There are 2 protein chains.
Amino acid sequence: MLENFNEIKVETPVDKIIRQIRSLITSGQLNSGDRLPPERKLAEKLGVSRTHVRDAIRKLEFYGILKTLPQSGTVVSGMGITALEGLITDVLKLEKTDFSSLVETRVILETNGARLAAERRTPEDIIQIEKALIAYEKKVRLNQTAVEEDLMFHLKIAEASKNAVLKSLMLIITPDIVKSFIQYKVCDENEIEDKVIKEHEEILEHIVNGDGEAASQAMKKHLKDVFEFGKSL
Amino acid sequence: MLENFNEIKVETPVDKIIRQIRSLITSGQLNSGDRLPPERKLAEKLGVSRTHVRDAIRKLEFYGILKTLPQSGTVVSGMGITALEGLITDVLKLEKTDFSSLVETRVILETNGARLAAERRTPEDIIQIEKALIAYEKKVRLNQTAVEEDLMFHLKIAEASKNAVLKSLMLIITPDIVKSFIQYKVCDENEIEDKVIKEHEEILEHIVNGDGEAASQAMKKHLKDVFEFGKSL
DNA sequence: ACCAATTAATTGGTCAACCAATTTTAGTCC
DNA sequence: GGACTAAAATTGGTTGACCAATTAATTGGT
């Protein structure tokens, strides 16, 4: 009975301010290049502490929406109002991603990453990937959870793709993947983990051989298996 | 001659702290799940103000590396040391992405986004995409720069893909794309912009028809043209 | 009347102190 | 001796004041 009251979302002061700033921008009162009102004025107008305003500005600055110049002011940078409307509302809610979207996107990133890795990997890359694979196998043999080691294998492949953006995006969604893994209790049984090791080895083999298409397909199959296992729970 | 001195990078206090925390984690002194030393102790130990420590913690919290529990403490959450090493150093430097990686990744995201959009688009999605296309055309006809409107078209497609993560990642790299556009002065000539409009229309047509593969290919060609144009400058 | 330099006001950055909630500790009662 | 309670210490959250750099205004000279 008490559970009904758990879902109320506490809107932090910072979120409120972000919403206000967003409305300022989307309503056209603030255009790209304009200077934001000073922190003090904003704080007074919104009825909150300046610290909260600063936190909100920092948060927006993270996503390249605002640019604050020391001792000068904060300006609206980057793109204009059009895309901002979607950006502010959506990017900040990245945690509310559904499992299927997450996996779907991961498949896209990783299959392409594997293909590029096969084409561009250096001898050093192969060593790194092998090391990650062995570390994973070791943990599994000890019956310990090896989520981190598993993802490390995938990250090393992304690294071998020599595409910094691709790797960064992988890193961005990685925490969410870990969360999902824990939530759905994926990879808790030894049966599936043996399969994972075999598939990892296959992917690595294709990368070593420089066969991009095969590596991509192997990765696709591998992730499909993991996904299917997750759904079956 | 004076230009030589411009490249010195001012290392802000916050960056210094992040580096210190990183070393604490990577050196194994802090493992996943461990509680971070209290802010006051950290501030004293590092010889900086507590505000800076808090800023650093917030920054790390953004990427899911730390999780701070009010009135309780800050814990190392998410993944363990292995991946963190790469994450902290790389994700924070997302702006240092080369143009080719950016475009390559964009092609990956957008071709797949177009395919999914063709498969899942609703009538409302089509209206939105059309609206964005018309807005772009309008701006071009007036001989005004329409970078935002161009990207809006692409974002609406990402929205129609019904994959929130994919859209979020698009939004994340969008500011960098805008930056590159400005830097390389892409899309400044009318000739190329007419071509862009035609290609946009073709992509939309395939999405309307529900032909995922054709939409994906059209998007690939479209982005390839833009990329080639950028390289030729 | 215009321009330059100096001054005043405003800006974001920084800090130390305070607050409420939590956790730990000590004490007391059974 | 163990369990529970209350108080003390510790935690992150919040605030207002202060600082240095920047910008705007004023003033003085030409």
Side-chain angles (χ1 to χ4, degrees), chain A residues 2 5-6 8-21 24-25 29-78 92, chain B residues 2 5-6 8-21 24-25 29-78 92:
Chain A
L2 276 171
F5 293 90
N6 282 4
I8 59 159
K9 194 77 177 184
V10 182
E11 189 172 44
T12 78
V14 176
D15 286 333
K16 282 187 181 178
I17 298 166
I18 289 181
R19 211 152 38 86
Q20 296 247 14
I21 293 178
L24 273 179
I25 298 177
Q29 296 182 46
L30 282 174
N31 285 309
S32 182
D34 286 358
R35 291 167 63 103
L36 212 68
E39 298 178 355
R40 285 175 181 79
K41 299 282 174 56
L42 264 181
E44 188 189 1
K45 195 80 181 175
L46 302 180
V48 296
S49 167
R50 192 162 79 99
T51 310
H52 291 145
V53 174
R54 300 190 94 248
D55 283 353
I57 291 176
R58 292 273 171 72
K59 213 165 189 175
L60 262 3
E61 200 179 6
F62 245 53
Y63 294 107
I65 298 164
L66 300 177
K67 179 72 184 176
T68 143
L69 314 169
Q71 273 73 38
S72 170
T74 302
V75 298
V76 180
S77 81
L92 295 181
Chain B
L2 275 171
F5 294 89
N6 282 5
I8 57 160
K9 194 78 176 185
V10 183
E11 189 173 44
T12 79
V14 176
D15 286 333
K16 282 187 181 178
I17 298 166
I18 288 182
R19 211 154 37 86
Q20 295 247 15
I21 294 178
L24 274 178
I25 298 178
Q29 296 182 47
L30 282 175
N31 286 309
S32 182
D34 285 358
R35 290 166 67 104
L36 213 68
E39 296 178 356
R40 285 174 180 80
K41 300 281 174 57
L42 264 180
E44 188 188 2
K45 196 78 181 177
L46 302 180
V48 295
S49 167
R50 194 161 78 98
T51 310
H52 292 147
V53 175
R54 301 191 93 246
D55 283 354
I57 290 176
R58 291 272 171 72
K59 213 166 188 173
L60 262 3
E61 200 179 6
F62 253 45
Y63 294 109
I65 297 165
L66 300 178
K67 180 71 185 177
T68 143
L69 314 169
Q71 272 75 37
S72 170
T74 302
V75 298
V76 181
S77 81
L92 295 180

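Residue numbers begin at 1 in each chain, while the letters A, B, ... track the order of the sequences. Given the structure is predicted, the values throughout are model-derived calculations rather than measurements.
For the OP1/OP2 pair of D:dG13 and a distance below 4.0 Å, the side-chain nitrogens and oxygens of A:H52 include no atom meeting the criterion. Within the structure, a side-chain polar atom (N or O) of A:T68 is placed less than 4.0 Å from OP1 or OP2 of C:dG13. Using a 4.0 Å cut-off, some side-chain N or O of B:R54 falls inside it from OP1 or OP2 of D:dG13.
Under the side-chain contact (heavy atoms from CB on, under 4.5 Å) test applied with B:L36, the options B:V53, B:T68, B:L66 reduce to a single match, B:L66.
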Pairwise N/O distances under 3.5 Å, protein to nucleotides 20-26 of chain D:
from: D:dT22; atom 1: O4'; to: A:Q71; atom 2: O; distance (Å): 3.3
from: D:dT23; atom 1: OP1; to: A:S72; atom 2: OG; distance (Å): 3.3

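Taking CZ from B:R40 and CZ from B:R50, the interatomic distance works out to 4.0 Å, rounded to the nearest 0.5 Å. Interatomic distance, B:I57 CD1 to B:E39 CD, rounded to the nearest 0.5 Å: 4.5 Å. Separation of atoms CZ (B:R54) and CG (B:L42) is listed at 12.5 Å; rounding is to 0.5 Å.
Rounded to whole Å, the distance from CZ on B:R58 to P on C:dG13 is 15 Å. If you take CZ of B:R50 and P of D:dT14, they are 11 Å apart, rounded to a whole angstrom. Spacing between atom CD1 of B:I57 and atom C1' of D:dG13 amounts to 12 Å, rounded to whole angstrom units.
For the pair A:G73 and A:R35, the tightest heavy-atom approach, listed with the atom from each and the gap, is CA-NH2, 4.2 Å.
A 4.5 Å side-chain heavy-atom check between A:T74 and A:K67 finds every atom pair outside the cut-off.
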- line: Under the rule of Watson-Crick or G-U wobble with both distances under 3.5 Å, where | means paired to another strand and [ ] a crossing pair, DNA chain C maps to ||||||||||||||||||||||||||||||

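For the segment residues 39-49 of chain B, residues with any heavy atom less than 4.0 angstrom from an atom of DNA chain C are, sorted by number, B:R40, B:S49.
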